[in-house]
Undergrad: 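I'd like to ask some things about the structure below.
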2 protein chains.
Amino acid sequence: MRNKYVLIYQEMVQKIEKETFKADEFLPSENELAGQYHTSRETIRKALNLLAQNGYIQKIRGKGSTVIAQNKFDFPVSGLVSFKELADKMGEKPITTVHRCTKINASDYICDQLDLENNQEVWEIIRARSFSGQRIILDKDYVSLKIVPYISEDIAKTSIYNYLENELGLIISFAKKEIIVEEPTEEDRELLDLEGFYNVVVIKNYVYLDDATLFQYTESRHRPDKFRFVDFARRER
Amino acid sequence: MRNKYVLIYQEMVQKIEKETFKADEFLPSENELAGQYHTSRETIRKALNLLAQNGYIQKIRGKGSTVIAQNKFDFPVSGLVSFKELADKMGEKPITTVHRCTKINASDYICDQLDLENNQEVWEIIRARSFSGQRIILDKDYVSLKIVPYISEDIAKTSIYNYLENELGLIISFAKKEIIVEEPTEEDRELLDLEGFYNVVVIKNYVYLDDATLFQYTESRHRPDKFRFVDFARRER
DNA sequence: AAGTGGTCTAGACCACAAA
DNA sequence: TTGTGGTCTAGACCACTTA
């Protein structure tokens with residue numbers, strides 16, 4: 001049994017997506033919902049705040065909470081998502097090729113990115129992702145050996161996140177992300193089908209655990225025509 | 001006098017940025033803070049949740065709330081920011097050139113983006129942004145005439161957001177944003193110093209008011225070497 | 001066992017919108 | 001005036017960490 005407010009949130013997401021609650025209509029008031037769910041108003045408010053944060057509703061003081069149209073984007077991904085989760089949402093079946101999955105002494109650049117002492121050991125995992133025969137994305141992962149003592153090529157082939165969370169019991173909590181555009185490296189040209197494109201989109205991802213330790217640095221290098229980033233943002237007051 | 005929890009949040013942000021609370025150290029417990037601020041624990045928790053959402057702290061059950069290092073990015077902008085606010089943060093002084101600021105009948109494409117009936121009137125504002133003599137960004141704004149009856153070239157030259165919020169009293173609430181990479185158009189080549197770059201980064205922005213009405217569509221077209229997007233994201237449960 | 005953060009409650013008062 | 005969402009309180013119980 002999960003938290004009440006999360007359950008209410010999930011149920012309301014369902015209702016919005018199935019259009020039991022339609023776009024531009026008002027939800028029942030907080031007091032009504034509190035009655036319907038046999039709970040207190042503050043608990044309802046926690047659920048509604050989750051809906052607002054994730055772009056499902058807009059709360060309007062004195063009036064009520066109105067449902068925001070979802071159609072503008074078919075692909076409402078913002079935040080921290082593994083490649084596999086993301087591909088699932090897009091309904092595409094990518095093929096992963098593992099080019100490297102070995103322990104190395106971290107280069108100066110990687111030490112810097114992962115806040116490590118010089119020459120500490122890390123896992124280096126390099127994988128290409130293909131969609132309909134085209135190699136579109138190059139993922140380069142670096143994970144501290146202290147936190148993850150072992151990774152196999154098989155794991156790299158399926159889902160590292162699944163292994164870390166379900167097998168090792170690590171809890172991934174937040175990430176800092178940077179998106180820039182770069183010239184392709186030799187490695188990009190070799191491992192991707194760049195088809196004459198002169199740039200790659202690079203997503204640098206710094207991933208942190210539950211206890212706020214930085215444990216993974218990832219570069220996801222995309223062919224520019226296949227890159228898309230979608231975000232929902234509330235204005236800071 | 002603002003809300004108590006916002007005041008507490010702001011005060012704690014100050015303390016984190018001035019390193020009264022240092023990275024990797026724990027904050028006082030929620031009960032202690034409630035005592036210090038002469039308030040209830042739930043109010044302290046609202047302030048701490050704001051800090052967590054914005055990447056200042058990580059809460060760890062059973063232990064406490066630890067301060068997250070800020071240094072990883074000098075430019076922690078995520079979300080909805082006008083060009084001018086953004087340039088201010090970067091400490092650069094851009095020059096704005098207004099190429100167009102006129103009423104037009106919206107094209108099919110613009111009607112589609114703004115959810116308008118055919119041929120409704122909108123403001124079209126096209127502006128180039130120069131940094132140290134280089135024209136780097138092309139901003140194309142479309143605003144429904146129904147909501148904003150008048151915009152002058154002078155306003156376009158300074159800050160439209162300032163005009164909308166402070167003069168017209170509109171309250172901008174949230175935005176949906178999409179980032180993609182495109183080939184430059186003729187217009188891009190004409191109005192930007194592309195310096196041989198073969199791509200532009202396009203940020204499509206759908207801006208909504210307080211009452212959840214869509215009122216503005218903006219395309220911000222960047223030279224790829226000058227584009228950078230930074231995000232902080234918590235993993236969805 | 002003691003201290004921490006996470007959830008939930010029942011009630012109060014406020015600011016705002018609409019009739 | 002009524003109903004809405006926004007804030008705040010004081011207290012309860014729980015799950016987890018550490019000693």
Side-chain angles (χ1 to χ4, degrees), chain A residues 1-12 21 24-53 56-68 169-171 173-174 209-213 234-237, chain B residues 1-12 21 24-53 56-68 169-171 173-174 209-213 234-237:
Chain A
M1 195 61 169
R2 292 210 179 287
N3 299 327
K4 214 179 266 194
Y5 78 95
V6 175
L7 287 172
I8 295 171
Y9 164 72
Q10 288 169 339
E11 188 169 328
M12 298 188 79
F21 296 140
D24 297 327
E25 286 183 2
F26 282 91
L27 295 181
S29 76
E30 295 180 351
N31 281 318
E32 279 181 75
L33 289 169
Q36 284 176 25
Y37 284 98
H38 303 292
T39 186
S40 72
R41 198 175 141 224
E42 282 289 5
T43 299
I44 292 297
R45 283 179 57 73
K46 279 191 189 170
L48 294 189
N49 283 336
L50 269 186
L51 289 169
Q53 273 170 36
Y56 286 103
I57 65 170
Q58 172 73 356
K59 309 182 96 187
I60 305 173
R61 182 162 21 199
K63 293 179 77 175
S65 297
T66 174
V67 178
I68 297 174
L170 297 176
I171 297 174
S173 180
F174 64 93
L209 296 177
D210 213 18
D211 61 356
T213 56
R234 293 199 168 269
R235 183 163 182 86
E236 32 182 287
R237 38 157 302 92
Chain B
M1 196 60 168
R2 291 206 182 290
N3 300 328
K4 213 180 266 192
Y5 77 95
V6 176
L7 287 173
I8 295 171
Y9 163 72
Q10 288 169 340
E11 189 169 326
M12 297 189 79
F21 295 141
D24 296 327
E25 286 182 3
F26 282 90
L27 297 180
S29 78
E30 295 179 350
N31 280 319
E32 279 182 75
L33 288 169
Q36 285 175 26
Y37 284 98
H38 302 291
T39 185
S40 72
R41 196 176 142 224
E42 282 289 5
T43 299
I44 292 295
R45 283 179 56 73
K46 279 192 187 171
L48 294 190
N49 283 337
L50 270 185
L51 289 170
Q53 271 171 37
Y56 287 102
I57 64 170
Q58 172 73 358
K59 310 181 95 189
I60 305 173
R61 203 208 306 248
K63 293 180 75 174
S65 296
T66 174
V67 177
I68 297 175
L170 298 177
I171 297 175
S173 181
F174 63 94
L209 297 176
D210 213 18
D211 61 356
T213 57
R234 292 199 169 270
R235 183 164 181 87
E236 32 184 284
R237 47 161 307 90

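The figures here come from the full heavy-atom set of this structure, side chains too, leaving out hydrogens, waters and symmetry mates. Chain identifiers are assigned alphabetically (A, B, ...) following the order of the sequence lines, protein sequences preceding nucleic acid strands; residue numbering begins at 1 within each chain.
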Undergrad: Taking the side chain of A:Asn3 as heavy atoms from C-beta outward, which of C:dC8, D:dT7, D:dT4 is closest to it?
TA: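 Nearest to the side chain of A:Asn3 among the choices is C:dC8.
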Undergrad: Quick one, A:Met12 with A:Ile57, criterion side-chain contact (heavy atoms from CB on, under 4.5 Å). Give me CA distance, side-chain angles, the key distance, then yes/no.
TA: CA-CA 10 Å; A:Met12 298 188 79; A:Ile57 65 170; over 6 Å; no
Undergrad: If you measure only the distance, is there a donor-acceptor pair under 3.5 Å linking the side chains of B:Ser29 and B:Asn31?
TA: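 Per modelled atom types, B:Ser29 and B:Asn31 side chains form no pair under 3.5 Å.
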Undergrad: Within the 4.5 Å heavy-atom criterion, are B:Pro28 and B:Phe21 side-chain neighbours or not?
TA: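 With C-beta onward as the side chain, the pair touches.
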Undergrad: Quick check: any donor-acceptor pair below 3.5 Å linking the side-chain of A:Arg41 to the base of D:dG6?
TA: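 Flag set: donor-acceptor pair detected.
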Undergrad: Any idea which of C:dG5, D:dG6, C:dC8 is nearest the A:Lys59 side chain?
TA: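 Nearest to the side-chain atoms of A:Lys59, counting from C-beta on, is D:dG6.
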Undergrad: Between B:Ile44 (CD1) and D:dT7 (P), how many Å, whole number?
TA: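 Going from B:Ile44 (CD1) to D:dT7 (P), I get 15 Å.
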Undergrad: Quick one: A:Glu32 CD to D:dT2 P, roughly how many Å, whole number?
TA: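 To the nearest whole Å, that distance equals 18 Å.
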Undergrad: For A:Asn49 and C:dC8, give me the distance from atom CG to atom P, rounded to whole Å.
TA: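 Interatomic distance, CG of A:Asn49 to P of C:dC8: 14 Å.
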Undergrad: Within this structure, what is the CG-to-C1' distance between A:Leu48 and D:dT7, rounded to whole angstrom?
TA: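 Atom CG in A:Leu48 sits about 15 Å away from atom C1' in D:dT7.
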Undergrad: Of the listed nucleotides (C:dC8, D:dC8, D:dC16), which one gets closest to any side-chain atom of B:Arg61?
TA: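 Per side-chain heavy atoms of B:Arg61, the pick is D:dC16.
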Undergrad: Categorize A:Ile60 for me: base, sugar-phosphate, or nothing, with a 4.0 angstrom heavy-atom threshold over every strand shown.
TA: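 Here A:Ile60 touches the backbone only, sparing every base.
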Undergrad: Taking only the side-chain heavy atoms of B:Glu30 (C-beta and beyond), determine which of C:dG5, D:dT4, C:dC8 contains the nearest atom.
TA: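 Per side-chain heavy atoms of B:Glu30, the pick is C:dG5.
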Undergrad: Between D:dT9, C:dT9, D:dT7, spot the one nearest the side chain of B:Lys4, thanks.
TA: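 Given the options D:dT9, C:dT9, D:dT7, the side chain of B:Lys4 is closest to D:dT9.
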Undergrad: Round to a whole Å and report the spacing from CG of B:Asn31 to P of C:dG6.
TA: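 One finds 12 Å between P of C:dG6 and CG of B:Asn31, rounded.
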Undergrad: Go through the steps to decide whether A:Ile8 and A:Glu11 satisfy the test side-chain contact (heavy atoms from CB on, under 4.5 Å), and finish with yes or no.
TA: CA-CA 5 Å; A:Ile8 295 171; A:Glu11 188 169 328; 5.7 Å; no
Undergrad: Measure OH/A:Tyr5 against C1'/D:dC14 and give the value in whole Å, please.
TA: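 Rounding to the nearest Å, OH of A:Tyr5 and C1' of D:dC14 are 14 Å apart.
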Undergrad: Could you tell me if the side chain of B:Lys46 sits less than 4.5 Å from the side chain of B:Val6, heavy atoms only?
TA: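 With C-beta onward as the side chain, the pair stays apart.
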Undergrad: With respect to the side chain of B:Glu42, which nucleotide from C:dT7, D:dG6, C:dG5 is positioned closest?
TA: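 The nucleotide sitting nearest to the side chain is C:dT7.
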Undergrad: Starting the side chain at C-beta, find the nucleotide from D:dA15, D:dT7, D:dT17 nearest to A:Arg45.
TA: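 Of all the options, the side chain of A:Arg45 is nearest to D:dT7.
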Undergrad: Whole-Å distance between C:dT7 P and A:Tyr9 OH?
TA: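 Checked: the OH to P distance equals 15 Å.
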Undergrad: Mind calculating the distance between CD1 (A:Ile57) and C1' (D:dG6) to the nearest angstrom?
TA: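 After rounding, the gap between these two atoms is 14 Å.
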